[in-house]
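As a basis for the values below, the full set of heavy atoms in this structure was taken, side chains included, without hydrogen atoms, waters or symmetry mates.
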Amino acid sequence: MENTLDKTIITVVGKDTVGIIAKVCTYLSENGINVLDISQTIVSGYFNMMMIVDMNQTKKAFVDCQKDLDVIGEQIGVSIKCQKAEIFEKMHRI
């Protein structure tokens, strides 16, 4: 069977603190989630990151990853949202 990408968009927004990227990326790595693309900026002390990841190799259910990332976000004081990329693609088709 063909190995297809299971693209997911993760956004992280909040007051900038040390270790935000490290915490999120450690979780992703530990769960077999590959970062395909990442962009982050800090504006006036506020952190904003968008990641496109491939969840094809993770053993965890998507909803469990969403919940885990919510908990990590609460621990470090940021909002972490996780959504399937296919939803965005379908919303923008004409």
In the single-linkage hydrophobic clustering (I, L, V, M, F, W, Y; side-chain heavy atoms under 4.5 Å), do [X] and [Y] co-cluster?
X	Y	answer
Val35	Met55	yes
Ile80	Leu36	no
Ile42	Val13	no
Val53	Ile72	yes

All heavy atoms of Thr58 vs all of Cys65, minimum pair found to be OG1-SG, 4.5 Å
Closest approach of Phe62 and Lys84, non-hydrogen atoms and distance?
CD1-CE, 3.6 Å
Using the six-membered ring of Phe47, assess whether NZ or CZ of Lys15 lies under 6.0 Å from its centre and within 45 degrees of the ring axis.
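Because its charged atom misses either the 6.0 Å distance or the 45° angle limit, Lys15 does not stack over Phe47.
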Do [X] and [Y] come within less than 4.5 Å of each other through their side chains, counting heavy atoms only?
X	Y	result
Met51	Leu28	yes
Asp54	Ile33	no
Met50	Asp37	no
Ser79	Val12	no

Using the salt bridge (charged side-chain N to carboxylate O under 4.0 Å, His left out) rule, collect all pairs that involve residues 65-82, keeping only residues at least two apart or in two chains.
Lys60-Asp68
Rounded distance [0.5 Å steps], [atom1] in [X] versus [atom2] in [Y]:
X	Y	atom1	atom2	answer
Met49	Cys25	CE	SG	6.0 Å
Leu69	Thr11	CG	OG1	10.0 Å
Ile20	Ile76	CD1	CD1	5.5 Å

Sequence neighbours excluded, every pair satisfying side chain to side chain donor-acceptor pair (under 3.5 Å) that has a member inside residues 39-52
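As it turns out, there is no side chain to side chain donor-acceptor pair (under 3.5 Å) pair with a partner in residues 39-52 once direct neighbours are skipped.
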Would you check if the side chain of Gln66 reaches a backbone N or O of Cys82 as a donor-acceptor pair within less than 3.5 Å?
yes
